[in-house]
Amino acid sequence: MVEEILHETEASPGRRGWCPGAWRPMASADGLVARLRPSGGRLSGAQLLTMASAASHAGNGVIELTGRANLQLRGIEAAKLAALQAQLGLAGLLDSSAADEARRNILLPPLAGLDPTAALDLLPLLAELEHRLREADELAALPAKFALVLEDGGLFQPSRITADLRARPVAQLPGQLAVGVGAPDGGTRWLGSAPPTLLPGILLALMRRSLPYLETLPRARFSYLTTDNCRAIAQGLPLRPLGSTPMPEPPGGSAPPLGHWRLGELSLVGVAAPLGRLDPRMLEILAGCIGPNGQARLTPWRSFVLPDQSAPILRTLKDGGFIVDASSPLLAIAACPGKEGCRSGTTSTLKDALHLAARLPLEPGGGIRLHVAGCAKGCAHPAKSALTLVGRNGSYDLVQDGRADASPLAKGLSLGDAAHLLSSLTLRTDRP
């Protein structure tokens with residue numbers, strides 16, 4: 001298996017569509033990368049300790065948070081992969097097969113099942129979907145980066161994260177979830193609505209029916225399906241027409257707060273990882289704060305939400321290297337591993353991002369403002385950002401208000417030149 005992984009990755013370095021898992025990790029410049037997909041983004045204290053141990057003994061100690069509420073262990077030694085998989089399996093962090101793992105790409109709001117403002121509890125729906133997906137062998141042909149996003153109408157929704165299929169509560173129709181297909185502009189083409197009890201069958205039918213159409217497309221993504229394709233895959237399904245009523249994004253599409261906060265009777269703590277990266281000691285600190293049976297929730301904003309169990313917890317987390325203050329400029333920056341961790345990178349993106357964070361007037365609170373990308377793939381932040389530095393042959397190109405693969409405003413910048421130009425652009429953007 002290890003030899004197959006190395007051969008497949010080296011045969012097409014940097015290609016789009018490769019999505020690492022724990023069964024089938026990806027070979028990178030610093031070793032193998034294994035992505036873990038906790039069900040519903042939920043992790044117990046015991047599981048956090050298992051990952052800390054795995055990262056220390058099988059990898060290089062780097063753990064990354066992804067933009068879809070997953071974690072990645074980096075620098076895994078090929079000779080230790082089997083032992084790592086056994087350890088993850090005993091902790092309930094490994095699917096039964098690589099095929100099951102690949103199909104289970106479901107993103108929920110971080111407070112699913114807890115948020116008193118939500119229209120429904122998504123956890124029973126998630127459990128049924130995961131069960132059916134494990135039995136749906138024919139869906140192995142789904143695109144490698146297939147993503148299903150479920151929303152519950154609560155405060156912190158992944159509504160701006162692109163999805164192949166999406167379900168969202170309908171304000172005008174209580175008890176109904178709108179179902180839609182990803183659109184070319186990153187939005188959603190709504191097909192109709194249905195009650196939650198019918199949703200697993202409808203979503204799996206849409207996946208199955210899409211396969212013949214996806215095979216004919218230049219890129220096997222649902223956003224490339226035509227309007228006629230979408231009508232065809234939805235034909236005959238028990239979907240209630242939505243008419244011409246638009247489906248607006250629900251309020252609260254941003255990340256949960258950092259620090260202590262309350263939601264109804266819930267007392268919670270939010271913490272973020274600097275540039276989405278942790279080390280084993282940080283996971284051990286998280287585990288100590290929630291206890292072996294406590295539960296941490298991963299968010300797609302590279303942060304955690306924890307139950308607030310004691311007053312000193314925030315100081316403990318801050319001292320352990322977590323971001324607990326929303327004023328940190330690091331919250332406005334995304335960066336990939338760069339040349340130290342990726343064969344496509346030619347610049348030290350992480351070090352350069354920290355350098356820029358200390359020098360640029362980046363105001364937090366508006367999402368990612370600066371993306372430091374090692375190459376035009378833009379893995380750390382696939383969406384647009386106000387400013388993007390793209391590594392190319394050891395220097396940087398600058399993209400304004402676009403993705404990493406957009407046409408640059410300037411090319412061949414040294415880090416110093418990039419910092420100077422970024423400072424003037426950032427200051428001009430911040431003026432009222």
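Put simply, the side chain of Val62 does not reach to within 4.5 Å of the side chain of Leu73, judged on heavy atoms. The side-chain heavy atoms of Pro158 and Pro109, taken from C-beta on, include a pair separated by under 4.5 Å. By the 4.5 Å heavy-atom criterion applied to side chains, Leu421 and Leu413 are counted as neighbours. Using a 4.5 Å heavy-atom cutoff, the side chains of Ile368 and Ile333 are not in contact. By the 4.5 Å heavy-atom criterion applied to side chains, Thr388 and Val372 are not counted as neighbours. Counting heavy atoms from C-beta on, the side chains of Gln295 and Ile290 never come closer than 4.5 Å. Looking at Ser28 and Pro337, their side chains never come closer than 4.5 Å, going by heavy atoms from C-beta outward. Annotation: side chain of Gln176 is in contact with side chain of Pro195 (closest heavy-atom distance under 4.5 Å).
Leu94 and Ala22 make their closest contact through CD1-CB, 3.4 Å (heavy atoms, listed as atom of the first residue, atom of the second, distance). Scanning both residues, Val390 and Ala376, for their nearest heavy atoms gives CG1-N, 3.7 Å. Across all non-hydrogen atoms, the minimal contact from Leu225 to Val181 is CD1-CG1, 4.3 Å. In terms of heavy-atom proximity, Ala380 sits nearest to Ala334 at O-CB, 4.3 Å. In plain terms, the two heavy atoms of Ala78 and Leu32 that are nearest each other are CA-CD1, 3.9 Å.
How far CG of Leu173 is from OG of Ser193: 5.0 Å, rounded to the nearest 0.5 Å. Between the CG atom in Leu142 and the CG atom in Asn105 there is a gap of 9.5 Å [rounded to 0.5 Å]. Taking CG of Leu237 as the start and CG of Leu191 as the end, the distance is 8.5 Å to the nearest 0.5 Å. Atom CG of Leu422 and atom OH of Tyr396 lie 10.5 Å apart (nearest 0.5 Å). In this structure, the separation between CG on Leu150 and CD on Gln157 is 10.5 Å, given to the nearest 0.5 Å. The OG1 atom of Thr162 sits 11.0 Å away from the CG atom of Asp185 when rounded to the nearest 0.5 Å.
If you run side-chain contact (heavy atoms from CB on, under 4.5 Å) between Leu122 and each of Ile106, Leu108, Leu199, only Leu108 comes through.
Between the side chain of Gln400 and the main chain of Leu409, no donor-acceptor pair closer than 3.5 Å is present. With Ser348 contributing its side chain and Asp352 its backbone, the two residues share no donor-acceptor pair below 3.5 Å. In this structure a side-chain-to-backbone donor-acceptor pair under 3.5 Å is present from Arg262 to Glu265. No side-chain donor-acceptor contact under 3.5 Å links Arg42 to the backbone of Arg297. Checked by atom type and distance alone, the side chain of Arg189 pairs as donor or acceptor with a backbone atom of Gly182 at under 3.5 Å.
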Does the pair Leu286 and Phe322 meet the rule for a side chain to side chain contact (heavy atoms under 4.5 Å, CB included), with working shown?
CA-CA 10 Å; Leu286 276 182; Phe322 287 95; 3.5 Å; yes
Please evaluate residues Leu111 and Leu155 with respect to the criterion side chain to side chain contact (heavy atoms under 4.5 Å, CB included), reporting the C-alpha separation (whole Å), side-chain torsions for both, the decisive distance (0.1 Å), and the verdict.
CA-CA 9 Å; Leu111 295 185; Leu155 289 179; over 6 Å; no
Go through Arg281 and Asp279 one step at a time and tell me if the salt bridge (Lys or Arg N to Asp or Glu O under 4.0 Å) criterion holds.
CA-CA 6 Å; Arg281 177 59 183 156; Asp279 58 37; over 6 Å; no
Checking side-chain hydrogen bond (donor to acceptor under 3.5 Å, both in side chains) for the pair Ser39/Glu130: CA distance, chi angles, key distance, verdict?
CA-CA 9 Å; Ser39 177; Glu130 290 185 332; 3.0 Å; yes
Determine whether Asp100 and Ser96 satisfy the following criterion, side-chain hydrogen bond (donor to acceptor under 3.5 Å, both in side chains), listing intermediate values before the conclusion.
CA-CA 7 Å; Asp100 286 354; Ser96 59; 2.4 Å; yes
So Ser328 and Asp325, side-chain hydrogen bond (donor to acceptor under 3.5 Å, both in side chains) or not? Walk me through it.
CA-CA 6 Å; Ser328 171; Asp325 186 346; over 6 Å; no
Verdict with supporting geometry, Glu340 and Asp30, side chain to side chain contact (heavy atoms under 4.5 Å, CB included):
CA-CA 7 Å; Glu340 288 78 10; Asp30 56 350; over 6 Å; no
Is there a side chain to side chain contact (heavy atoms under 4.5 Å, CB included) between Leu125 and Leu177 once you walk through the steps?
CA-CA 12 Å; Leu125 175 58; Leu177 286 166; 4.3 Å; yes
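Taking the side-chain hydrogen bond (donor to acceptor under 3.5 Å, both in side chains) definition, one finds that Thr227 meets it with nothing, sequence neighbours left out. Under the side-chain hydrogen bond (donor to acceptor under 3.5 Å, both in side chains) criterion, His420 pairs with no residue at all, not counting sequence neighbours. Residues passing the side-chain hydrogen bond (donor to acceptor under 3.5 Å, both in side chains) test with Thr349, sequence neighbours excluded: none. Take Asp121 and apply the salt bridge (charged side-chain N to carboxylate O under 4.0 Å, His left out) test, not counting sequence neighbours, and it matches no residue. Annotation: side chain to side chain contact (heavy atoms under 4.5 Å, CB included) contacts of Ala102 (sequence neighbours excluded): none. Residues forming a salt bridge (charged side-chain N to carboxylate O under 4.0 Å, His left out) with Glu64 (at least two apart in sequence, or on another chain): Arg74, Arg277. Every residue meeting the side-chain hydrogen bond (donor to acceptor under 3.5 Å, both in side chains) condition with Thr299, not counting sequence neighbours, appears here in chain and number order: Ser303. By the salt bridge (charged side-chain N to carboxylate O under 4.0 Å, His left out) test, Asp95 pairs with Arg104, sequence neighbours left out. Remark: Phe222 pairs with Phe146 by the ring pair (Phe, Tyr, Trp, His ring centres under 6.0 Å) rule, at least two apart or across chains. For Lys80, the side chain to side chain contact (heavy atoms under 4.5 Å, CB included) partners at least two apart in sequence or on another chain are Ala58, Glu77. Shown here are the ring pair (Phe, Tyr, Trp, His ring centres under 6.0 Å) partners of Phe304, two or more places apart in sequence or in another chain: there are none.
Between the side chains of Gln87 and Ser53, a donor-acceptor pair is found at a separation under 3.5 Å.
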For residues 201-209, which side-chain donor-acceptor pairs fall under 3.5 Å, sequence neighbours excluded?
from   : atom 1 : to     : atom 2 : distance (Å)
Arg208 : NE     : Glu138 : OE2    : 2.3
Arg208 : NH2    : Glu138 : OE2    : 3.1
Arg209 : NH1    : Ile233 : O      : 3.1
Arg209 : NH1    : Gln235 : O      : 2.5

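Of the charged side-chain nitrogens involved, none lies within less than 4.0 Å of a carboxylate oxygen, so that Asp405 and Lys377 do not count as a salt-bridged pair.
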